Amino acid sequence: MVTEQLYRIQERIAEACSRAGRSPSEVTLIAVSKTKPIPMLSEAYEAGARDFGENKVQEILKKQPQLPEDIRWHMIGHLQTNKVRQIVGKACLIHSVDSVKLAEEIDKESARQGIVTPILLEVNVAEEESKFGFRLEETEAAIDEMSSLSHILVRGLMTIAPFVEDPEENRQFFRKLHQFYVDMQSKKADNVSMSVLSMGMTGDFEVAVEEGATMVRVGTGIFGARE
Ligand SMILES: *Cc1c(COP(=O)(O)O)cnc(C)c1O
């Protein structure tokens, strides 16, 4: 089941790339495995998945030792500062940095471990009350503040678009964030290397790919509905 669904999502990414004149090699599929049991992750791994996304620190810490070491674990959920110590060094990329204070904590812990942690800034493009993330207008200032932190590397931006019936409704937000991403690429700041745009989930990843996503985070489409 998981294998077929993973292949089908990969095909749909390739089709979206071809519509947009992009190469599928530009888009990384993150298999969002939150709440799912190890055997399902193993099946996805056997089918070729190497990037897995989880939204809880505890779940990454629990699953990581039970699965092959070449899996890249992406932290995609809201991160509290008191969990930073546990996740730094374990996740390949933290997608959900939503405050300068959190970036400072990640920097501090990374310095302690003698590593540099790649992060993305979460942007609440649609300005939904219920969502975490910087507002688009405050993101550039946040990037500037973070450029003095030498143990993080700002690799790009992430957004969670609104939950909608018709994914076309989210195209405007993906387009807006992509435009900002391109603007930030031309601006050279220390500790900033804009090359990741993480946007698109099961309901809207094709539109996100058409609008320039370099990472899509797909859970339900691969593993089925969550409890
Ligand atoms: C759960 C989750 C996803 C995946 O959602 P699906 O709709 O199941 O594909 C993607 N991104 C984040 C941040 C999530 O929490």
Side-chain angles (χ1 to χ4, degrees), residues 1-13 16 27-37 40-41 43-44 47 49-63 71-80 83 87 90-99 102 106 118-134 139 155-171 173-174 177-178 196-227:
M1 242 285 259
V2 169
T3 303
E4 287 73 23
Q5 292 183 154
L6 178 73
Y7 290 166
R8 185 63 195 125
I9 299 290
Q10 285 168 341
E11 267 171 22
R12 287 170 60 190
I13 291 171
V27 182
T28 301
L29 171 59
I30 300 173
V32 176
S33 48
K34 62 191 188 197
T35 78
K36 297 300 177 182
M40 289 183 92
L41 279 72
E43 186 179 342
R50 291 296 178 274
D51 291 274
F52 288 78
E54 292 283 345
N55 66 340
K56 292 203 171 78
V57 170
Q58 292 316 320
E59 205 168 338
I60 294 184
L61 298 182
K62 187 158 170 274
K63 287 174 171 174
I71 289 179
R72 292 177 290 271
W73 295 93
H74 296 255
M75 175 59 192
I76 62 174
H78 179 62
L79 180 59
Q80 288 167 310
K83 298 273 172 63
I87 195 66
K90 299 290 198 316
C92 70
L93 182 62
I94 300 174
H95 291 232
S96 41
V97 175
D98 55 7
S99 70
L102 178 60
I106 296 170
I119 65 164
L120 305 180
L121 270 64
E122 179 170 353
V123 185
N124 183 4
V125 191
E127 301 191 3
E128 290 178 282
E129 290 286 342
S130 59
K131 294 239 167 86
F132 293 104
F134 294 98
T139 306
R155 293 292 314 278
L157 307 168
M158 178 273 234
T159 196
I160 304 174
F163 183 78
V164 288
E165 284 294 320
D166 177 6
E168 284 299 330
E169 289 176 41
N170 283 338
R171 187 179 294 277
F173 302 123
F174 296 144
L177 192 61
H178 179 258
V196 178
L197 186 55
S198 170
M199 57 187 196
M201 306 175 22
T202 297
D204 56 19
F205 70 90
E206 288 153 304
V207 174
V209 167
E210 288 169 14
E211 295 300 330
T214 71
M215 285 186 182
V216 295
R217 310 177 307 268
V218 177
T220 314
I222 296 172
F223 297 107
R226 288 177 295 272
E227 296 282 291

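Not measured: the values here are computed from a predicted model. When a ligand or atom number is given, it counts from 1 through the structure's own listing order.
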*asked:* When you measure from the side chain of Asp204 to the backbone of Met201, do you find a donor-acceptor pair of N or O atoms at a distance under 3.5 Å?
replied: yes
Does the Ser33 side chain pair with the main chain of Lys36, one donor and one acceptor, at a distance under 3.5 Å? no
Under 4.0 Å from ligand 1, residues with heavy atoms, in chain and number order, are Val32, Lys34, Ile76, Ile160, Met201, Thr202, Arg217, Val218, Gly219, Thr220, Arg226
Quiz prompt | Sidechain N-carboxylate O distance under 4.0 Å for Lys131, Glu128 | solution = yes
Side-chain donor-acceptor pairs of residues 206-216 under 3.5 Å, sequence neighbours excluded:
| unit_1 | atom_1 | unit_2 | atom_2 | d |
| --- | --- | --- | --- | --- |
| Glu206 | OE1 | Arg12 | NH2 | 2.8 |
| Glu206 | OE2 | Arg12 | NE | 3.0 |
| Glu210 | OE1 | Arg171 | NH1 | 3.1 |
| Glu210 | OE1 | Arg171 | NH2 | 2.7 |
| Glu210 | OE2 | Arg19 | NE | 2.8 |
| Glu210 | OE2 | Arg19 | NH2 | 2.9 |
| Glu211 | OE1 | Arg175 | NE | 3.1 |
| Glu211 | OE2 | Arg171 | NH1 | 2.7 |
| Glu211 | OE2 | Arg175 | NH2 | 3.0 |
| Thr214 | OG1 | Leu197 | N | 2.9 |

Next item on the list: Using atom types as modelled and distance alone, determine if a side-chain donor or acceptor of Lys34 lies under 3.5 Å from a backbone N or O of Ile76.
Entry: no
(Q) Quick one: does any side-chain atom of Thr159 pair with a main-chain N or O of Met199 as donor and acceptor, under 3.5 Å? (A) no
